[in-house]
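Okay, so here's the structure we're looking at.
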Amino acid sequence: MNKNLFSLPDFTNNDSVFKELIALRRILHRTPETGFHEWKTMELLIDLIKDTQGTITFMPQETAQHLCTLIPKADKPHKFLGTDVSVTGFKLTFNLDPQNKKVKKHLAIRSDIDGLSIPESSDPMHLPAKLGFNAINGAMHACGHDGHMAIALMSALWVNANLSLLYESDLSAISFIFQPAEEGCRGALAVIDSGFLQDIDLIYCYHLGLGVPSGYIVPCPSDFLASCKFTLEVFGKKSHAGHPELGINALKVTASFIEKALSLLDLKKGLYVNMSNLHCEGACNVIPDHCFLEGEIRVLDEENLDLLYSQIEQIIANESKAVPGSYYQLLKKGVGLGIRQDEKLCKKVAEAALKLKLNIMPEFKFNASEDASQLIRHLQKQGKLGCYFMIGSDIANSHHNSSFDFDEKSLINGFNVIKELILSELP
């Protein structure tokens, strides 16, 4: 990282923190990477925290083996701080109880770190392009994860600068989890498999924008959609297009599947179906023998997720059967659940917002899926706590759009809320 672009702020000066938050966000915005490929992003983040008093823990090699259908195989491990790393993502932990005298209470802040496979707009009306920090590598931070990282990383640097104060808190430790592959709901499963949550007692997760205006905080959003991402491969047999009877048309199976699967979409019932990334290589005079596509289903009522997926399974089974000799492979690639908020933590978020004189939006329907749900559910099953809150931010265009951008003034609000959540643990 170019140290001239970012420097440690004066944490007693809100304007100084705000200035460096923007600088940090813009650095991260330039180098977006898709899920489980966030190696440059990790390098940038670790470069800023490697000299703190926190302990950095990487994903173990076993996680790549356990989740081999979700995590792309690395050609070779990447080296970070002398450690071979095969899976992106890491945890930074500050021990606040070096003498082991406190009752265990380990707080975690989670930030997602991945971008999307969307080329960013170069239109001069798009602020990142106008100011020269737009991405040019074919990917894009089109969902605010660059802002999420900037908030979490600045919060970690604040913790490091205030350890003597935080030693007096009720916390035994604070961890910052930088999670890969939120898009597609895969990364949280890696975090769980890695053991990063093993000693965590409460976790805060958050998101910028999504229709919440700048200056507002939503302590307890509702109506998270449960979702399942999948891939489908259909196999047939090549032949000359002049003799289709000698081939087995994989595209015929796939096209019919797409048509029938999309007919399951029913917004009134809260059932969402989408297909994308269809690949079927060949020539116009060759019967195609292989098709690949990605898809997802989302439901408002989590209990309907398995039912809708079973309908997807039945459709492809029927369509393949209708074309004798064809066969297919349908694989789940990520699952998001509903989020059942812990009111105790939501109340703390609301109290932090009130203290900062931010506006509170008491109700907001999220109407999207988030794999932080997996982290929160995992902890709740053990009697621990989790909360997902929202940081209002006006946006220039919709999320997952090539012209997406958010109001950078929201960064300081997110940082200050997290700071207050940590300070609330002081006696």
| query | Taking Lys332 for the side chain and Lys229 for the main chain, is one N or O donor matched with an acceptor at less than 3.5 Å? | reply | no
| query | Going by atom types alone, do Glu370 and Tyr388 pair a side-chain donor with an acceptor below 3.5 Å? | reply | yes
| Close side-chain approach of Val234 to Ile316, heavy-atom, < 4.5 Å | yes
| task | Would you name the heavy atoms of Phe11 and Ala161 that are closest together and state the gap between them? | result | CD1-CB, 3.9 Å
| So, do Phe230 and Lys333 sit near enough that their side-chain heavy atoms are less than 4.5 Å apart? | no
| request: Quick one: sort the His290 and Phe235 rings into parallel, tilted or perpendicular, breaks at 30° and 60°. | output: tilted
| query | Should Ile360 and Leu354 count as side-chain neighbours, where that means a heavy-atom distance under 4.5 Å? | reply | yes
| Sole residue of Phe389, Tyr206, Phe224 in ring pair (Phe, Tyr, Trp, His ring centres under 6.0 Å) with Phe366 | Phe224
| field | Heavy-atom pair with the smallest gap, counting every atom of Cys280 and Pro288 | value | SG-CB, 3.5 Å
| said: Within the 4.5 Å heavy-atom criterion, are Asp342 and Cys387 side-chain neighbours or not? | reply: no
| Ring geometry between Phe406 and Phe404 (parallel below 30°, tilted from 30 to 60°, perpendicular above 60°) | tilted
| task | Would you please test Leu116 and Met140 for side chain to side chain contact (heavy atoms under 4.5 Å, CB included) and show each step? | result | CA-CA 5 Å; Leu116 287 151; Met140 181 185 175; 5.6 Å; no
| message | Tell me whether Lys365 at atom NZ has more than 12 heavy atoms from other residues, nucleotides or ligands lying less than 6.0 Å away. | response | no
| said: Are Cys143 and Glu183 packed together at the side-chain level, in the sense that at least one heavy-atom pair is separated by less than 4.5 angstrom? | reply: yes
| Under 3.5 Å, is there a donor-acceptor pair between the Ser121 and Asp123 side chains? | no
| Are side-chain N/O atoms of Ser320 and Ser326 paired as donor and acceptor at under 3.5 Å? | yes
| said: Tell me if a side-chain donor or acceptor on Asn137 pairs with a main-chain N or O of Pro32 at a distance below 3.5 Å. | reply: yes
| request: Using distance alone, with no hydrogens and no angle criterion, decide if Asn160 and Asp51 have a side-chain donor and acceptor under 3.5 Å apart. | output: no
| From Asn416 atom CG to Met154 atom CE, the distance as rounded to the nearest 0.5 Å | 11.0 Å
| Check: Gly338 main-chain N/O paired with Glu302 side-chain donor or acceptor under 3.5 Å | yes
| note | To the nearest 0.5 Å, atom OG of Ser402 lies from atom CD1 of Ile118 at 7.5 Å
| remark: Heavy atoms of Ser410 and Leu208 approach each other most closely as OG-CD2, 3.4 Å
| Between Phe58 and Phe90, how do the two ring planes meet: parallel, tilted or perpendicular, split at 30° and 60°? | tilted
| message | Please give me the minimum heavy-atom distance between Ala181 and Asp371, naming the atom from each residue. | response | O-OD2, 3.7 Å
| Reported CE-to-OG1 distance for the pair Met59 and Thr83, which is rounded to 0.5 angstrom | 14.5 Å
| task | Ignoring hydrogens and angles, state whether a donor on the side chain of Asp112 or His148 is under 3.5 Å from an acceptor on the partner side chain. | result | yes
| field | Heavy-atom donor-acceptor pair, His66 side chain to Asp193 backbone, under 3.5 Å | value | no
| Do Lys91's NZ or CZ and the ring of Phe178 fall within the cation-pi criteria of under 6.0 Å and 45°? | no
| remark: Separation between CG (Leu308) and CD1 (Ile312), nearest 0.5 Å, reads 5.5 Å
| Judged by atom type as modelled, is there a donor-acceptor pair below 3.5 Å linking the side chain of Glu296 to the main-chain atoms of Met275? | no
| said: Quiz question: by atom type and distance under 3.5 Å, do the side chains of Asp407 and Ser393 form a donor-acceptor pair? | reply: no
| field | Leu45 vs Leu28, side chain to side chain contact (heavy atoms under 4.5 Å, CB included): CA-CA, chis, key distance, verdict | value | CA-CA 9 Å; Leu45 293 170; Leu28 292 163; 4.1 Å; yes
| said: For Gln374 and His378, which I'm curious about, is there any donor-acceptor pair between the side chains at under 3.5 Å? | reply: no
| field | Test salt bridge (Lys or Arg N to Asp or Glu O under 4.0 Å) applied to Lys40 and Glu43, step by step | value | CA-CA 5 Å; Lys40 181 65 175 178; Glu43 183 181 327; 3.7 Å; yes
| query | Have His37 and Thr88 got a donor and an acceptor in their side chains that come within less than 3.5 Å? | reply | no
| said: For the CG atom of Leu345 and the CG atom of Leu421, what is their distance to the nearest 0.5 Å? | reply: 8.5 Å
| query | Is the backbone N or O of Ser214 less than 3.5 Å from a side-chain atom of Asp394, with the two atoms forming a donor-acceptor pair by type? | reply | yes
| task | Report yes or no: does Asn304 contribute a side-chain atom to a donor-acceptor pair with the main-chain N or O of Leu307 at less than 3.5 Å? | result | no
| query | Are Thr41 and Glu33 linked by a side-chain donor-acceptor pair shorter than 3.5 Å? | reply | yes
| request: Please tell me if the side chains of Glu233 and Tyr328 come closer than 4.5 Å, counting only heavy atoms from C-beta onward. | output: no
| task | Taking the six-membered ring for Trp and the single ring otherwise, decide whether the centroids of His29 and His145 are under 6.0 Å apart. | result | no
| said: Quick check: do Leu48 and Leu153 have side-chain heavy atoms less than 4.5 Å from each other? | reply: yes
| Heavy-atom count around Lys237 NZ within 6.0 Å, excluding the residue itself: above 12? | no
| task | To the nearest 0.5 angstrom, please state how far the CD1 atom of Ile174 sits from the CH2 atom of Trp158. | result | 7.0 Å
| request: Dump the intermediate steps for side chain to side chain contact (heavy atoms under 4.5 Å, CB included) on Leu293 and His279, then the final yes or no. | output: CA-CA 6 Å; Leu293 67 83; His279 291 275; over 6 Å; no
| request: Show your working on side chain to side chain donor-acceptor pair (under 3.5 Å) between His126 and Glu120 and close with a plain yes or no. | output: CA-CA 9 Å; His126 177 54; Glu120 183 163 10; 2.7 Å; yes
| remark: Heavy atoms of Ser172 and His106 approach each other most closely as OG-N, 3.9 Å
| Polar side-chain atom of Asp84 near backbone of Lys79 as donor-acceptor pair, under 3.5 Å | no
| Heavy atoms of other groups near Glu313 CD, more than 12 under 6.0 Å | yes
| task | Please lay out, stage by stage, how Asn359 and Ile217 fare under the test side chain to side chain contact (heavy atoms under 4.5 Å, CB included). | result | CA-CA 6 Å; Asn359 299 304; Ile217 297 293; over 6 Å; no
| query | Is it true that a side-chain atom of Glu168 and a backbone atom of Leu166 form a donor plus acceptor pair closer than 3.5 Å? | reply | no
| query | How close do Leu197 and Leu379 get, heavy atom to heavy atom, and via which atoms? | reply | O-CD2, 4.0 Å
| request: Look only at the side chain of Lys102 and the backbone of Leu96, and say whether a donor-acceptor pair between them is shorter than 3.5 Å. | output: yes
| task | Please step through salt bridge (Lys or Arg N to Asp or Glu O under 4.0 Å) for the pair Glu408 and Arg25, ending with a clear verdict. | result | CA-CA 9 Å; Glu408 292 180 323; Arg25 179 259 169 157; 2.9 Å; yes
| Contact check, side chains of Leu67 and Val87, non-hydrogen atoms, under 4.5 Å | no
| said: For the residue pair Ser169 / Glu425, report whether a side-chain donor-acceptor contact shorter than 3.5 Å exists. | reply: no
